[in-house]
Amino acid sequence: MWTIKTFEELTSNELHRIYKERTAVFVVEQECAYQEVDDIDLTSIHFFKQTDDALVAYARLIVEPTSTRIGRVLVAKEQRKKGFGQELLTVMLAYTDQHYPGFPVNAQAQAYLQHYYASFGFQPISEIYLEDNIPHIDMVKVNLTA
């Protein structure tokens, strides 16, 4: 079951699991030294799935005045190739359709995932560029529901 919560609704254990897995993926696995925990967490909507007290998949939705942005998308290393990433994006896009109709959904995707995001209707809006020495591309999905 997927959990959707604001920062204030997260329990201390949920927040710990989220930060632990985000650090494992984005700082340790990807070898990027940066301030992974940021103030955007405070105003984001957090989507996650956990089993047996372990985080399986996670992403945050940043709501802006006229658009939304998906960030920090991850599937725990031992849970990859099981469909959790597809489930996560499906849940997030359904949520944006329901709660933010007509808002485009932006994503800063790792370039190797461009075709994956395109399968959900995302289109590239930038050239490939390096962020923390990892090729990325900006993409958008126009939400036609209004």
Side-chain angles (χ1 to χ4, degrees), residues 1-125 131-145:
M1 181 169 140
W2 288 94
T3 303
I4 302 169
K5 292 186 174 184
T6 64
F7 184 83
E8 291 80 14
E9 295 170 324
L10 293 170
T11 69
S12 56
N13 284 333
E14 289 168 337
L15 186 59
H16 176 264
R17 283 185 213 112
I18 288 167
Y19 285 161
K20 182 179 177 182
E21 197 60 43
R22 282 181 17 188
T23 302
V25 171
F26 300 122
V27 177
V28 177
E29 182 181 335
Q30 295 181 358
E31 300 178 355
C32 295
Y34 72 104
Q35 183 62 49
E36 202 290 316
V37 177
D38 59 28
D39 290 343
I40 297 171
D41 286 326
L42 300 171
T43 56
S44 294
I45 302 166
H46 303 270
F47 294 72
F48 57 98
K49 185 173 202 164
Q50 50 190 355
T51 59
D52 301 326
D53 294 329
L55 192 72
V56 172
Y58 168 86
R60 67 183 183 184
L61 182 70
I62 300 125
V63 180
E64 297 167 336
T66 59
S67 66
T68 59
R69 187 165 30 111
I70 293 174
R72 301 292 201 268
V73 179
L74 71 84
V75 175
K77 191 172 188 174
E78 60 279 359
Q79 299 295 335
R80 294 180 188 156
K81 306 292 185 191
K82 297 180 181 179
F84 293 121
Q86 185 169 358
E87 283 182 32
L88 174 58
L89 281 178
T90 299
V91 167
M92 292 186 83
L93 293 173
Y95 184 92
T96 60
D97 283 347
Q98 181 180 359
H99 296 277
Y100 303 99
F103 278 34
V105 182
N106 296 286
Q108 180 187 39
Q110 289 188 17
Y112 82 96
L113 292 170
Q114 180 177 348
H115 295 295
Y116 178 76
Y117 278 90
S119 73
F120 288 93
F122 285 85
Q123 300 294 319
I125 56 171
E131 172 130 347
D132 296 319
N133 248 1
I134 298 171
H136 281 77
I137 189 166
D138 294 334
M139 302 186 78
V140 67
K141 180 182 185 304
V142 178
N143 186 345
L144 300 176
T145 310

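Positions are given from 1, in the same order as the sequence printed here. A quick note: this is a predicted structure, and the numbers were derived from the prediction, not measured.
- One distance of note links CD of Gln108 with CD1 of Ile125; it measures 10.5 Å at 0.5 Å rounding.
- For the atom pair CD1 (Ile45) and NE2 (His99), the distance works out to 7.5 Å, reported to the nearest 0.5 Å.
- Taking each heavy atom of Leu93 and Lys141 in turn, the nearest pair found is CD2-CD, 3.9 Å.
- Closest approach of Met139 and Ala118 over heavy atoms only: CE-N, 4.2 Å.
- Proximity of a side-chain donor or acceptor of Asn106 to a complementary backbone N or O of Ile70 within less than 3.5 Å is not detected.
- Within the 4.5 Å cutoff, no side-chain heavy atoms of Gln110 are placed close to those of Val73.
- Distance alone, capped at 3.5 Å, places no donor-acceptor pair between the Thr96 side chain and the Pro101 backbone.
- Contact detail for Leu42 and Glu8: the closest heavy-atom pair is O-OE2, 3.9 Å.
- Every residue meeting the side-chain hydrogen bond (donor to acceptor under 3.5 Å, both in side chains) condition with Glu87, not counting sequence neighbours, appears here in chain and number order: Trp2, Lys49.
- Classification of the Phe120-Tyr116 ring pair by plane angle, with boundaries at 30° and 60°, yields perpendicular.
- Within the model, atoms CG of Asp38 and CD1 of Ile40 stand 4.5 Å from one another, a figure rounded to the nearest 0.5 Å.
- The shortest side-chain heavy-atom distance between Lys20 and Leu55 does not fall under the 4.5 Å cut-off.
- Tyr58 pairs with exactly one of Arg17, Glu21, His46 by the side chain to side chain donor-acceptor pair (under 3.5 Å) rule, that one being His46.
- Using bins of under 30°, 30° to 60° and over 60° for the plane-to-plane angle, the ring pair Phe122/Tyr117 lands in the perpendicular bin.
- When side chains are defined from C-beta on, Leu74 counts as touching Arg22, because their heavy atoms get closer than 4.5 Å.
- The nearest pair of heavy atoms linking Gln114 to Pro124 is NE2-CG, 3.6 Å.
- Rounded to the nearest 0.5 angstrom, Arg60 CZ and Ile62 CD1 are separated by 4.5 Å.
- Of all heavy-atom pairs between Arg80 and Val75, the closest is NE-O, 2.9 Å.
- Counting heavy-atom neighbours within 6.0 Å of His16 NE2, excluding the residue itself, gives a total of 12 or less.
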Margin query: side-chain contact (heavy atoms from CB on, under 4.5 Å), that's the test. Do Ile4 and Val91 meet it? Break it down for me.
Written below: CA-CA 9 Å; Ile4 302 169; Val91 167; 4.1 Å; yes

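- Note: Phe47 CZ to Thr3 OG1 = 11.0 Å, rounded to the nearest 0.5 Å.
- Lys5 places a side-chain heavy atom less than 4.5 Å from the side chain of Thr11.
- Judged purely by atom type and a 3.5 angstrom limit, Asp52 has no side-chain atom pairing as donor or acceptor with the backbone of Ala54.
- To the nearest 0.5 Å, atom CZ of residue Arg72 and atom OH of residue Tyr19 are 9.5 Å apart.
- Taking both residues in full, the closest heavy atoms of Leu61 and Tyr100 are given as CD2-CE1, 4.4 Å, listed atom of the first, atom of the second, then distance.
- No donor-acceptor pair closer than 3.5 Å links the side chain of Gln86 to the backbone N or O of Gly83.
- For Arg69, the salt bridge (charged side-chain N to carboxylate O under 4.0 Å, His left out) partners at least two apart in sequence or on another chain are Glu64.
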Item checked: Pair Leu10-Phe48, side-chain contact (heavy atoms from CB on, under 4.5 Å): steps then yes or no -> CA-CA 11 Å; Leu10 293 170; Phe48 57 98; 3.5 Å; yes

